[in-house]
Amino acid sequence: MADNYDPKVSEPKWKKYWQEKEIFKFNEKDLKSEVFSIDTPPPTISGRIHIGHSFSYSQQDFIVRYQRMKGKNIFYPFGTDNNGVATERLIEKMKGIRAKDMDRDKFVKICLETVQKELMPQYVDDMKTLGLSCDFTIFYDTIDKHSMKISQKSFIDLYHKKREYRKDAPTMWCPTCETGISQVECEDKEMDSFFNDIVFKVDGKNLLIATTRPELLPACVAIFYHPDDERYKKYKGKKAKVPLFNFEVPILADERADPEKGTGIVMCCTFGDQTDMEWQKAHNLPIKMAISTAGKMTELAGKYQGMAIKEARKAIIEDMREQGLLLNQKPIRHAVNVHERCGTEVEFIKSKQWFIKYLDLKNDMLKWAEALNWYPKHMKVRYDNWVKGLQWDWLISRQRFFGVPFPVWYCKKCDEVILADEKDLPVDPLKDKAPVKECPKCKCKELIPERDVMDTWATSSLTPRLSTELVKNEKMRKRLYPMSLRPQAHDIITFWLFNTVVKSRLHDDINPWKDVAISGHIQDPHGKKMSKSKGNVIAPLEIMNKYSADALRFLAGTSKLGDDMPFQEKELVTATKTMTKMWNASKFVFMHLEGYNGAKPKKFTLVDRWLLSKMQKTVKESTESFEVYEYSKAKSAVDLFFWRNFCDNYLEIVKDRLYNSAKYSEDEVLSAKYTLYHALLNVIKIFAPVMVFITEDLYQTYFKKLEKKESIHVTEWPMYDSKQVDEDAEKLGDTLVEIASIARKFKSQNGKSLKEEVKIELDTKGFDIEAIIEDLRAVAKAKDVLFVEGLEAEKVPGTEIQVKVSF
RNA sequence: GGGCUCGUGGUCUAGUGGCUAUGACCCCUCCCUUACACGGAGGUAGUCGCCGGUUCGAGUCCGGCCGAGCCCACCA
């Protein structure tokens, strides 16, 4: 055994070993063992693994490795989510091409090839370097043919279930990218603007209204005031004339109008913002579009038609100023919604979009969440709040190029929807022919393909299907779904988790999983979110290179499930120290266990019973913690046992029996060996889910020849044995440790080496401590241990015993 | 504005009612002892955010306040 542990040598070695020996392979034929199936989060590949991934994937891997050691048949697939705008942009940049300039089919092909050939191999290798124990042969990409087929099938199924509709509706829209976008794609941006007090006329008299967006005047459909606002009650039922455009709109009361804001009266334009849409719906107002999909003023805007939004705003303000319709202008700074990709202000544009109808299911959605086991529990609240706040059906269409196409054609004449035949899936309507030659309704022969693609979430919400349907064996597939566990971070509860539940419920009326384990985020050292723009991002590969993958995993294992954690470099140092300690302690143990054949002693010595009892409690605690996905508690339990009980005390105490075994009986020596063997084996087993490489190294070095399993990661998890719990032995053993500690302190404070011999005087106050005297003599290097009645010196903590140490 | 989480020695952290509050990093002292100087033995350091309440007893439960982080909403 080498003097020092070198992760640079060991980690690549075991990484390769696991792949070659297929240690993590899912056994499709094993229909007996309990299955544990994981709905692994599919990352979007944009380069090398990043720190957030390294954390959340480590944490889910702890759980999986524990379950594997519990003897379960592990279904742990690895998928990727390269379907969507992020990948589209990445490929455009990498290849210097524009999606717009080519057929969708061709662009998708380039994307797939680039991702799979140039990015994926490196990324998957990064995951293996981190020690992820997925079965990487169970692989899907949310944009591959397999996924497309399932996604399109899902669409067709929901259409038949009358859960989908296509509607001309206002949607969030980016005029630069010319696509509908969803809430997730938006972000807030602070911008300078003006509050303009402009003049509407009611019965020829002025009515002042404040607005930041005068360019929307041509789309004005109503004026609102708060029903309790005394100032404006008199306008009830009247009409106001819109400045410059000179048409009339009704003046209405609605509680959403804030009397405190601006002049307390507000114009509603379809559509300036979310509230405008709500008003339109609630008061059944007409829809007027002043802005086109390209972000230009429409014909409604009269002389301003064709102008860009900001250009029109300026022109309209100028004109109003000239005509005395602008009474006041106040600069403000406010947050506006922008598209995160390009920073363009989000507009609401009416266009034909596909929706999944689910707003009517809010009560059911809450019940669905009830039926899931949430770890930690409080994360469910986020789901509930999201559901309660839902106001719109699920918009799933995107006017993009890269994505899963809708399997749909329309009749040019009557707009009838023609779905693809399921046996033809996956289809690309832009390339493939419709399953019928003519419209079944009006017999029109001209069928138009749908150009839009589905939003990423429409497909990624099917991951339980995407992965389990890779399994051919029908019987096994039934055992896999619903899946055992969805591990994911808390930021996408309202998207990925929620959407997956919705899809599974709409299709099969069951939850997609039994448990959900929500992990937190890694933050920068000051508790701030890591982001490229802040420049506080830490690269996991550098960490693994500087320390080790095990150290990085150790750090990931210190944060409590669900908690965010600031990145602490010193924790990596602690991890490295722990690994060094494990290596050295093992070196010592293996040296003394040479030739040991696993034999059990007739009788255990007191100190051995003390250690075994503590060990059983550690096994119990870490097992119970892992059962509820609290890997950090499991880790700290074994950490404490290893450092304090095993290294600091037991090894020191047992040395005498090992080095001077002639002084002891054969059975006493055997007792020590048995205890060393099992305590250390259990320690590395319990550490194994977190520190996967060094534990494997130690297992292969010594334990394998007796334990026989190919890898520590497929050995049996330690079984809690209450028969080894011995409270009396623990108490007496603790007393021994306390007295030894007093002796050490005495030496230390007197500037002496710990090997310095001392004299120990004791008044046991009637306690029988005979069983520990020999060990005490050995560990404290006490030449004399004397019993003195009536001694008043130092009290041994936890007892009445008095002790005095001298040279 | 709403929600969730958190607020413990200089720093990070354990701890869901009960003996002198856990561990780590830092700092100081001592020790090269046959697993480990990539170490060991000790030590200094905390009014457990603030106020009030429940209780024989609260870091731990309840209420209020203050602060931080994240998510969501608003943004005329």
Side-chain angles (χ1 to χ4, degrees), chain A residues 1 3-5 183 188-191 193 195-196 198 209-214 216 220 223-224 256-258 261-269 272-276 279 332-337 376 378-382 384-386 388-389 391 489-494 520-521 523 525-529 558-560 562-571 573-592 632-633 636-637 639-640 643-644 647-648 651-652 655 658-659 740-741 743-756 781 797-798:
Chain A
M1 200 169 168
D3 277 354
N4 297 311
Y5 174 68
Q183 284 181 358
D188 282 352
K189 198 167 151 189
E190 282 284 319
M191 286 201 165
S193 184
F195 232 163
N196 304 289
I198 61 177
I209 294 183
T211 180
T212 54
R213 304 203 57 186
L216 291 175
C220 184
I223 304 287
F224 285 104
R256 277 165 278 209
D258 180 358
K261 214 159 193 173
T263 57
I265 194 159
V266 55
M267 66 176 194
C268 166
C269 307
D273 62 28
Q274 191 100 355
T275 321
D276 289 342
W279 275 325
I332 56 161
R333 197 167 166 77
H334 65 164
V336 292
N337 235 348
H378 68 255
M379 289 296 178
K380 177 174 170 290
V381 181
R382 296 199 185 193
D384 291 345
N385 287 337
W386 171 259
K388 286 174 194 158
Q391 299 205 45
H490 56 57
D491 55 337
I492 49 172
I493 289 173
T494 54
H521 279 150
Q523 302 160 327
H526 309 288
K528 295 263 159 47
K529 195 177 178 177
T558 53
S559 87
K560 214 165 70 179
D563 275 12
D564 293 340
M565 186 185 60
F567 179 86
Q568 291 295 121
E569 185 141 11
K570 63 136 183 120
E571 209 54 45
V573 175
T574 306
T576 307
K577 280 188 180 178
T578 302
M579 289 160 66
T580 305
K581 196 76 174 173
M582 279 169 78
W583 186 259
N584 289 319
S586 300
K587 214 160 62 180
F588 172 83
V589 171
F590 298 163
M591 183 170 83
H592 291 287
S632 64
K633 282 185 189 166
S636 69
D639 201 54
L640 198 67
W643 281 93
R644 184 173 301 171
C647 293
D648 293 352
L651 290 187
E652 292 307 320
K655 269 177 186 170
L658 297 167
Y659 283 114
S741 174
R744 284 171 182 162
K745 186 169 153 185
F746 177 77
K747 296 175 193 178
S748 184
Q749 287 180 341
N750 286 287
K752 291 288 200 281
S753 158
L754 289 182
K755 69 177 178 186
E756 191 79 15
K781 305 273 186 286

Protein-nucleotide distance (A:F588, atom CZ; B:rC36, atom P), rounded to Å = 10 Å
Nucleotide of B:rC75, B:rG15, B:rC36 approaching A:H334 most closely (side-chain heavy atoms) = B:rC75
Assign each of A:P566 and A:V336 to its nearest nucleotide of RNA chain B by heavy atoms, then name whichever residue's nucleotide is nearer the 5' end.
-> A:P566
Just jot down the ring-ring contact (aromatic ring centres under 6.0 Å, His included) partners of A:F588, sequence neighbours excluded, or say none.
-> A:H592
P spacing across the pair B:rA73 / B:rG3, given as an integer number of angstrom = 15 Å
Span that lies between the P atom of B:rG53 and that of B:rA58, in whole angstrom | 12 Å
Dump every N/O contact between nucleotides 22-30 of chain B and the protein below 3.5 Å, one line per pair.
unit_1: B:rG23; atom_1: OP1; unit_2: A:R644; atom_2: NH2; d: 3.0
unit_1: B:rA24; atom_1: O2'; unit_2: A:T574; atom_2: OG1; d: 3.1
unit_1: B:rA24; atom_1: N3; unit_2: A:K570; atom_2: NZ; d: 3.3
unit_1: B:rC25; atom_1: OP1; unit_2: A:K577; atom_2: NZ; d: 2.8

Closest nucleotide of RNA chain B for A:V381 versus for A:F224: which of these residues is on the 5' side?
-> A:V381
Mind checking the P distance from B:rA14 to B:rA24? Whole angstroms is fine.
-> 15 Å
Quick one: is A:K388 getting a side-chain N or O under 4.0 Å of the B:rG2 phosphate, OP1 or OP2?
-> no
Whole-Å distance separating the CG atom of A:D563 from the P atom of B:rC4 = 16 Å
Distance, rounded to the nearest Å, where A:D491 contributes CG and B:rC4 contributes C1' = 14 Å
Side chain of A:D273: nearest nucleotide among B:rC70, B:rA76, B:rA41?
-> B:rA76
With a 3.5 angstrom cut-off on both distances, give the Watson-Crick or G-U wobble partner of B:rC19, or none if there isn't one.
-> none
Name the pairing partner of B:rG57, where a pair is Watson-Crick or G-U wobble with both distances under 3.5 Å, or state none.
-> none
Quick one: look up who B:rC30 pairs with, Watson-Crick or G-U, both distances under 3.5 Å, and put none if it's unpaired.
-> B:rG40
Considering only the P atoms, how many Å lie between B:rC30 and B:rU47, rounded to the nearest integer?
-> 29 Å
Length of the line joining A:N385:CG and B:rC72:P, which is rounded to integer Å | 12 Å
Could you measure between the two C1' atoms, the one in B:rU11 and the one in B:rG46, and give it in whole Å?
-> 13 Å
Taking atom P in both B:rU16 and B:rU55, what distance in whole Å separates the two?
-> 23 Å
Using a heavy-atom cut-off of under 4.0 Å over every strand shown, decide if A:K587 touches base, sugar-phosphate, or nothing.
-> sugar-phosphate
A:L658 vs A:M591, side chain to side chain contact (heavy atoms under 4.5 Å, CB included): CA-CA, chis, key distance, verdict | CA-CA 10 Å; A:L658 297 167; A:M591 183 170 83; over 6 Å; no
Considering only atom C1', compute the distance from B:rU20 to B:rC61 and round it to an integer number of Å.
-> 24 Å
Go ahead and name the base partner of B:rA45; Watson-Crick or wobble counts if both distances stay under 3.5 Å, otherwise write none.
-> none
Have a look at A:W583 and say if it touches a base, only the backbone sugar-phosphate, or nothing, with a 4.0 Å heavy-atom cut-off.
-> nothing
Span that lies between the P atom of B:rA45 and that of B:rG10, in whole angstrom = 12 Å
Could you check which of B:rA76, B:rC38, B:rG15 has an atom nearest any side-chain atom of A:K633?
-> B:rG15
Have a look at A:H521 and say if it touches a base, only the backbone sugar-phosphate, or nothing, with a 4.0 Å heavy-atom cut-off.
-> nothing
Please lay out, stage by stage, how A:K380 and A:D384 fare under the test salt bridge (charged side-chain N to carboxylate O under 4.0 Å, His left out).
-> CA-CA 6 Å; A:K380 177 174 170 290; A:D384 291 345; 2.8 Å; yes
In terms of ring plane angle, is the pair A:W279 and A:F224 parallel, tilted or perpendicular, where the classes change at 30° and 60°?
-> parallel
Looking only at side-chain atoms of A:R744, point me to the closest of B:rC74, B:rA41, B:rG40.
-> B:rA41
Base-pairing mate for B:rA68 - Watson-Crick or G-U, with both contacts under 3.5 Å = B:rU5
Just checking, is any N or O donor in the side chain of A:K587 or A:N584 under 3.5 Å from an acceptor N or O on the other one?
-> yes
Considering only side-chain heavy atoms of A:T212, which listed nucleotide, B:rA41, B:rC12, B:rA76, is closest?
-> B:rA76
Given that both distances must come in under 3.5 Å, which nucleotide forms a Watson-Crick or G-U wobble pair with B:rG52?
-> B:rC62
At under 4.0 Å between heavy atoms, what does A:S586 touch on the DNA or RNA strands: base, sugar-phosphate, or nothing?
-> nothing
Flag, side chain of A:S586 to backbone of A:M582, donor-acceptor distance under 3.5 Å = yes
Are any side-chain N or O atoms of A:D564 and backbone N or O atoms of A:H521, one a donor and one an acceptor, separated by less than 3.5 Å?
-> yes
Side chain of A:H378: nearest nucleotide among B:rC75, B:rC4, B:rU33?
-> B:rC4
When you check the phosphate oxygens OP1 and OP2 of B:rG42, does a side-chain N or O of A:S741 lie under 4.0 Å from one of them?
-> yes
Distance in Å, A:T580 OG1 paired with A:N4 CG, rounded so as to fall on 0.5 Å steps | 7.5 Å
For A:K745, which contact category applies under a 4.0 Å heavy-atom criterion: base, sugar-phosphate, or nothing?
-> sugar-phosphate
Would you indicate what A:D276 reaches in the nucleic acid, counting non-hydrogen atoms under 4.0 angstrom: base, sugar-phosphate, or nothing?
-> nothing
Proximal nucleotide (of B:rC36, B:rG40, B:rC75) relative to the A:E652 side chain | B:rC36
